[in-house]
Structure formats: C-alpha cells, structure tokens
Amino acid sequence: MKFEALLEVAAKSAEKAYAPYSNFKVGAALLCADGAVFTGCNIENSSYGLTVCAERTAVFSAISEERRDFIALAVVAVGEYMPYPCGACRQVLNEFCPGEFSVYVAKVDALDDYEVIRLSELLPHGFHL
Ligand code: THU
C-alpha cells in the first residue's frame, strides 16, 4: 500500500473519533509488512485522563491480533493542528517499532502536505527494558 493511501485510511478513521471534549478528531492507520492495516481513532472520556489517542488505539488493536511487523503509521487530524504523536504514544511505538519506523502526519484538508518523521526523531533515547 502506498503511504498516500494509508493517509486516506487514517482520514476515514478520524471520522469515527469520539472527541466531544476537545473536538479534535484524529485517525490512525498502521501498516503491516503483509499489507494488513489496523486503524484507530481517539476516544475521550468525561474523566479526561482516560482518553486514548488514535495512535495507541491502532497499535493496541494490532497487538491484540498478535501482529508485530509494522512498516509505517499514518496519523490524520480534522482541524488546524498537526497530530504529532504525544509522548505516551511515542513510547508505545518505541515498544514495538524500530528507530527507522516512519510516521506520516497530516491534516485531513491537506493530505498531500504530509510530513514524514522517523520514530528515532520523535523519541530519541526511548526507554527499553
Ligand atoms: N490526540 C490524538 O489522538 N493523537 C495525537 O497525535 C494528538 C492528540 C487526541 C487526544 C485527545 O482526544 C485530543 O487529540 C486532544 O488532545
């Protein structure tokens, strides 16, 4: 799958976001080596700290299906802000992906203007046991 198509899948997933508190809808699409794609959206909660980001929803969905072979992640947001993964999501990605893993980030209204960032750039010195 081309990365432009992965961004389109992430944009579709953003439509499923439950974000009544921030009104910031985010979708993620995680590409596996065999072409399988696992999606996620952000899911907020009245108890704000329980919110889960789109990236972690996608990663946990894939891991719960026993997948490990991740190629790239696309993250797309509805609105004016770029959905750069938060610190918690960077550490979760670090658990399962190598430093050269690519994260594609874009706004839904400008998918062509995506940025590609390596996990090692997002999280230098990520923690491992
Ligand atoms: N959010 C994501 O889902 N992914 C990101 O990359 C940035 C932030 C969500 C969490 C929360 O529901 C909302 O965006 C505002 O922080």
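- Side-chain N or O atoms of K107 include one that pairs as donor or acceptor with a backbone N or O of E80 at under 3.5 Å.
- Applying the side chain to side chain donor-acceptor pair (under 3.5 Å) rule to pairs touching residues 94-104 yields N94-H128, S102-R118, sequence neighbours excluded.
- With a 4.5 Å cut-off on side-chain heavy atoms, Y84 and R90 count as touching.
- Of the inter-residue distances, the one linking S13 atom OG with N42 atom CG reads 11.0 Å to the nearest 0.5 angstrom.
- Other members of a hydrophobic cluster containing V52 are absent, since no ILVMFWY side chain comes under 4.5 Å of it, directly or through relayed contacts.
- Residues I43 and L50 fall into different hydrophobic clusters, defined by Ile, Leu, Val, Met, Phe, Trp and Tyr side chains chained together at heavy-atom separations under 4.5 Å.
- Nearest heavy atom pair, residue P83 against residue A106, reads CD-O, 3.5 Å.
- By the rule that hydrophobic residues join a cluster once side-chain heavy atoms approach within less than 4.5 Å of another member, L119 and L31 end up as members of separate clusters.
- Taking every heavy atom of both residues into account, V26 and A54 meet most closely at O-CB, 3.5 Å.
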**OP:** Take Q91 and L123 through the test side-chain contact (heavy atoms from CB on, under 4.5 Å) and record every step on the way to the result.
**Re:** CA-CA 7 Å; Q91 179 61 31; L123 187 70; 3.5 Å; yes
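- In the hydrophobic clustering of ILVMFWY residues, with side-chain heavy atoms under 4.5 Å counting as a link, V116 and F3 come out together.
- The closest donor-acceptor contact from the side chain of S22 to the backbone of F24 lies under 3.5 Å.
- Among residue pairs with one or both ends in residues 45-71, those qualifying as ring pair (Phe, Tyr, Trp, His ring centres under 6.0 Å) are Y21-Y48; sequence neighbours excluded.
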Original post:
Can you check side-chain contact (heavy atoms from CB on, under 4.5 Å) on R56 and C86, steps first, answer last?
Top reply: CA-CA 10 Å; R56 272 176 289 156; C86 77; 4.1 Å; yes
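- With sequence neighbours left out, D34 forms a salt bridge (charged side-chain N to carboxylate O under 4.0 Å, His left out) with R67.
- Using a 4.5 Å cut-off on side-chain heavy atoms (C-beta onward), V59 and L93 make contact.
- Considering every non-hydrogen atom in both S61 and T39, the closest pair reads CB-O, 4.2 Å.
- Residues V103 and F96 share a hydrophobic cluster, clusters being chains of Ile/Leu/Val/Met/Phe/Trp/Tyr side chains in contact below 4.5 Å.
- With side-chain heavy atoms closer than 4.5 Å counting as contact, directly or through intermediates, the hydrophobic cluster containing F127 also holds L129.
- Side-chain atoms of L122 and P85, non-hydrogen and from C-beta on, do get closer than 4.5 Å to each other.
- L7 and L30 fall into different hydrophobic clusters, where Ile, Leu, Val, Met, Phe, Trp and Tyr residues are linked whenever their side-chain heavy atoms come under 4.5 Å apart, directly or through other members.
- Proximity of V76 to Y114: side-chain heavy atoms (C-beta onward) are nowhere separated by under 4.5 Å.
- Between Y18 and C41, the closest side-chain pair of non-hydrogen atoms is not below 4.5 Å.
- No side-chain heavy atom of E55 sits under 4.5 Å from any side-chain heavy atom of V92.
- Partners of V78 by side chain to side chain contact (heavy atoms under 4.5 Å, CB included), not counting sequence neighbours, listed by chain and number: A14, K25, V108.
- In this structure, the side chains of L111 and E4 stay at 4.5 Å or more apart for every pair of heavy atoms.
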